[in-house]
**Student:** 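Here's a structure for you.
Side-chain atoms are counted along with the backbone in the values below, which use heavy atoms only and exclude waters and symmetry mates. Quantities reported herein were computed from a predicted structural model and do not represent experimental measurements. Proteins come first, then strands; the chains are lettered A, B, ... in the order of their sequence lines, and each starts at number 1.
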Number of protein chains: 4
Amino acid sequence: MATPKENSKQKNQWKKNLHDIIFEADTKAGKLFDIILMFMIIISVAVVLLDSVIPIHMKYGGLLLLLEWGITVVFSIEYLLRIVSTKKVKNYIFSFYGIIDFLAILPTYLSLILAGSHYLAILRILRLMRIFRVLKLARYIGASRYLILSIKESRHKIAVFLWVVTLIVVIMGSLMYLIEGPENGFNSIPRSLYWAIVTLTTVGYGDIAPSTFMGQTLASIIMITGYSIIAVPTGMVTAELIKLGSKKLNTQVCSYCNKGNHEDDAKFCKYCGTEL
Amino acid sequence: MATPKENSKQKNQWKKNLHDIIFEADTKAGKLFDIILMFMIIISVAVVLLDSVIPIHMKYGGLLLLLEWGITVVFSIEYLLRIVSTKKVKNYIFSFYGIIDFLAILPTYLSLILAGSHYLAILRILRLMRIFRVLKLARYIGASRYLILSIKESRHKIAVFLWVVTLIVVIMGSLMYLIEGPENGFNSIPRSLYWAIVTLTTVGYGDIAPSTFMGQTLASIIMITGYSIIAVPTGMVTAELIKLGSKKLNTQVCSYCNKGNHEDDAKFCKYCGTEL
Amino acid sequence: MATPKENSKQKNQWKKNLHDIIFEADTKAGKLFDIILMFMIIISVAVVLLDSVIPIHMKYGGLLLLLEWGITVVFSIEYLLRIVSTKKVKNYIFSFYGIIDFLAILPTYLSLILAGSHYLAILRILRLMRIFRVLKLARYIGASRYLILSIKESRHKIAVFLWVVTLIVVIMGSLMYLIEGPENGFNSIPRSLYWAIVTLTTVGYGDIAPSTFMGQTLASIIMITGYSIIAVPTGMVTAELIKLGSKKLNTQVCSYCNKGNHEDDAKFCKYCGTEL
Amino acid sequence: MATPKENSKQKNQWKKNLHDIIFEADTKAGKLFDIILMFMIIISVAVVLLDSVIPIHMKYGGLLLLLEWGITVVFSIEYLLRIVSTKKVKNYIFSFYGIIDFLAILPTYLSLILAGSHYLAILRILRLMRIFRVLKLARYIGASRYLILSIKESRHKIAVFLWVVTLIVVIMGSLMYLIEGPENGFNSIPRSLYWAIVTLTTVGYGDIAPSTFMGQTLASIIMITGYSIIAVPTGMVTAELIKLGSKKLNTQVCSYCNKGNHEDDAKFCKYCGTEL
């Protein structure tokens, strides 16, 4: 017969195993769990996409609703398992992924409550909110942390770049409003700024385009500027990536405080001291 | 009772404190001053933008005019304080920021004088000039000096790049005028050059597009060229940023000569020797 | 009179010479063989392109068919020679180039069999499959291995980048569907996603464009995002290319196992030990 | 009285001085000569541009013709002076700049001969050829040699890149022709390839755009590919520029063999040994 201490240890062991399966991808069972879940996420996003196409909604609306409920049930079970297997429940619930997991199941249940109501706009928004399930996938992109890090490192420079872009857009857009005027489609400064962004970023829809000689000259300057300053964010990120290139990150997550970013040779969580 | 010398010292101290608040962001009062001013600048730009939308001008024109005057008064006080707190007034007034600060208040006062006149075009330009207030923000983007430096360093290479772009645009645009001709919208060489810029920079409005086989072939060459040579400014800026990456700059400005760009450990202005 | 061993050696020598001519570009005959083949490939692709232009097909259809058969015969002979001159035939047949060489001759023969049939759609696809002959050229681009290597090295980072792009497209596209709605051309989420890709990649056809103020604001955010994150793949590839820059690759291919990627000073295949 | 030897030396000195003024920018007179010439080139290009705008041609045609002749005379004198001051005349005449200088004056004289003829198309081409005068400016862009060098160094990689682009365009364009077909504007493979280039390079005119679901999906793949592979030339050029970054080039040109690219401390031409 197990002593209470052993019992508690056993229980903890069970919890630890579950945690390993659900939160990490190092074991076989954990990998399988992840693959099934990824598959479910992709299907659930596909359901939302297809449901928005009117002819498909007409023909397969019932089937899609059934799939929707099936997925919601699976995600609800996943959410509960995650809560059960985490040592510090609050840390999970209020973490980025905890909120995403919750928001992934909320809309379907809410739509049940509001089904009879007349708040069609709200229902429409709820239905669309399900698309955010795509964020659940973020968990499986191990290297995203690497990317986030290099963006964090260059955030000051990115801010400066956005500021320069804003400056060019505001000044050039306003000048364009003065030059072309409402008779050529530039009927307010905000609309002129929209055009300046479309041009500077080299998107160029062509819904608004300059037609006077002066306007086309100014537009040419904006285009060449936009074409040249694209170099700036590229240079920043490149310089940052070259610097970060040698650092190594792994995918382990602490079972107590749920934080990641541990070194490969770390045996204990560097934030709370729990064994990994 | 203070001796005249102490009196003068006290007065200088008071001026120095004001200078610290207004020109630097190292003290608490200085930070607050900056935040309030940034807020005012953003509002003032928003007022100009909204005022240009005809329905909004119709409905809220009076309110926007009131806001406009409030902002102008605040910026006028700021301008005077900046003049008072600088030791060498001329250096401030004719500096980049001094001119910007003056231009930020000028249009509103000028519009008062010209209010009764019939120079509507001038009034329209004056109203738009207020958009340049956005440049006042430049002061708060500490790192912009870093960007300006790396652009300065690669200005020769940028000139070469612009020259190559000009060459391609002039030659390809002229050829296109010969191939497509006025019947397909390429009705003059300047217009052909405009099209070449739109294409080379990958903007592609689609307001003018080649329709003959020869024209589309030439256009394809321009597109692939444009798509490839975007690499050149990017490479230049990247190489420059990697080189400059280790240098450090700070935000202190000399109270005597108003020049910035001081090292972090500098205690005296390197341009005039005044203590920072 | 030659002994059987010498005979076999002679035969092997003959095979080796053929292998050198056909698979490598180090000898004069090998270079000539390559140039003739490249010329044939380019002509064969041109034939397919021209045949699809209806007026040309009307006028020169017979001539193009003749050329088509001539090219097919040449490619068939080349295919047989390649099989004969390789020591381990299976390695060649199931290699990337072996499959390409087979697919380059298959469609023409198949179209002969299906000529009388009514499967026009299949015939159309067959005719188009001949365009894949362009892949035969891959053999002559020595440095492509260098490119493939640097893409392979950064495939994890590229996956992360594509994932971020997907995320932005799905979330922004769905929001746009909510904001603009079917009345402005955003009549389903898949169509909204298509628009988001067109905008994020700065292509900007202009076939679908936002027309409400909210929509244009969101579009501006997507454009600036797309304009900025183009820096990420660029940074990755640059960092990788700088790292790989010093490595050297050569064009020798083993006559036994048909594998490439050998060092310049290698005298034996590093995969099977055969002399190069 | 000067001995024949001194006489010849004097003559050589005079030639050398002229060579310094015309071919180099190190002396004051040389700089002035260059600035005047640059000014003339810009005016001559402006004349061609303006002459192509029909309303301007109608009104100022006579004045522009006068300017045209004035410029031609100046350029003719410049051409003769260059021939006289070079030691090895043939080297100059058949050099890149020699040909450009000749082509800059040829069209105007030829148009005189052909004035009475009915070869309007040839006259039109001749008139346009004058635009190539813009190439005369190349001489004054000292750093272009630096750019040409870094492009030369990466020409193999650029070839590979262009090959990959061709591959994607041919395969994707052909597939699109199969999917969308003539009923959606993709009426031949060449036209499909043109569309693929417009899309891959992110230009996106919108004159041809996919309208089926399959077509839009394939288009999305092309766009994201194009958006990502822009990284490749950028990476190449960046890596090359970083490598070349430390090298220094100067603007001296040998008076005997007319070759440039000399080191800063070179006293003799490294190609023919003449003193610089």
**Student:** Counting only heavy atoms closer than 4.5 Å, note whether C:L193 contacts chain A via side chain, backbone, both or neither.
**Tutor:**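 For C:L193, the side chain is the part near chain A, not the backbone.
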**Student:** Between C:E180 and C:S211 (side chain of the first, backbone of the second, donor and acceptor by atom type, cut-off under 3.5 Å), is there such a pair?
**Tutor:**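 Yes, C:E180 side chain to C:S211 backbone: donor-acceptor pair under 3.5 Å.
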**Student:** Can you find a pair of side-chain heavy atoms, one from A:L137 and one from C:W163, that are under 4.5 Å apart?
**Tutor:**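 Side chain of A:L137 against side chain of C:W163, heavy atoms only: contact under 4.5 Å found.
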**Student:** Can you tell me which portion of C:P182 sits under 4.5 Å from chain A's heavy atoms? Options are side chain, backbone, both or neither.
**Tutor:**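 Side chain of C:P182 only, per the 4.5 Å heavy-atom cut-off to chain A.
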**Student:** What I'd like to find out is whether the side chain of A:I56 reaches to under 4.5 Å of the side chain of A:L64, using heavy atoms alone.
**Tutor:**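 SC-SC contact between A:I56 and A:L64 confirmed.
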**Student:** Side chain, backbone, both or neither: which part of A:V165 has a non-hydrogen atom closer than 4.5 Å to chain C?
**Tutor:**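 A:V165 touches chain C through side-chain heavy atoms alone.
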**Student:** Between chain A and each of C:S174, C:A209, C:G173, count heavy-atom pairs under 4.5 Å; write down the option with the most.
**Tutor:**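 Going by pairs under 4.5 Å, I would pick C:S174.
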**Student:** Looking only at heavy atoms and a cut-off of under 4.5 Å, which of C:T166, C:T199, C:V203 has the most pairs with chain A?
**Tutor:**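 Most heavy-atom pairs within the cutoff with chain A belong to C:T199.
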**Student:** Please report the shortest heavy-atom distance between A:N184 and A:I208, naming the atom on each side.
**Tutor:**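 The pair with the smallest heavy-atom distance is O-CG2, 4.4 Å.
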**Student:** Is a donor on one side and an acceptor on the other found under 3.5 Å between the side chain of C:Y97 and the backbone of C:L135?
**Tutor:**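 Not confirmed, C:Y97 side chain does not pair with C:L135 backbone.
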**Student:** Using modelled atom types only, decide if a donor and an acceptor are shared between the side chain of A:R191 and the backbone of A:S188 within a distance under 3.5 Å.
**Tutor:**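 Side chain of A:R191 to backbone of A:S188, a donor-acceptor pair under 3.5 Å: no, none is there.
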**Student:** Under 3.5 Å, is there a donor-acceptor pair between the C:T217 and A:Y194 side chains?
**Tutor:**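 No - no donor-acceptor pair under 3.5 Å links their side chains.
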**Student:** Can you tell me if CZ on A:F96 sees more than 12 non-hydrogen neighbours from other groups inside 6.0 Å?
**Tutor:**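 Count over threshold, so yes.
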**Student:** Which label fits A:W195 and A:F186: parallel for a plane angle under 30°, tilted from 30 to 60°, or perpendicular past 60°?
**Tutor:**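 Ring orientation, 0 to 90° scale: perpendicular.
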**Student:** Can you tell which part of C:F213 gets under 4.5 Å to a heavy atom of chain A, answering side chain, backbone, both or neither?
**Tutor:**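 Answer is side chain: those atoms of C:F213 sit under 4.5 Å from chain A.
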**Student:** Mind listing the side-chain donor-acceptor pairs of residues 229-239 of chain C below 3.5 Å, one per line with the distance, residues two or more places apart or on another chain?
**Tutor:**
| unit_1 | atom_1 | unit_2 | atom_2 | d |
| --- | --- | --- | --- | --- |
| C:T234 | OG1 | C:I230 | O | 3.1 |
| C:T238 | OG1 | C:T234 | O | 2.7 |

**Student:** So which part of A:I131 gets closer than 4.5 Å to some heavy atom of chain C, the side chain, the backbone, both or neither?
**Tutor:**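 For A:I131, backbone and side chain are both near chain C.
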**Student:** Under a 4.5 Å heavy-atom cut-off, does chain A meet the side chain of C:D207, its backbone, both or neither?
**Tutor:**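 Neither part.
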**Student:** Any idea which of C:G204, C:G206, C:S228 has the most non-hydrogen atom pairs under 4.5 angstrom with chain A?
**Tutor:**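 Most heavy-atom pairs within the cutoff with chain A belong to C:G204.
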**Student:** Taking heavy atoms only and a threshold strictly under 4.5 Å, list by residue number the residues of residues 41-53 of chain C that touch chain A; give 'none' if the list is empty.
**Tutor:**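 Hits under 4.5 Å: none found.
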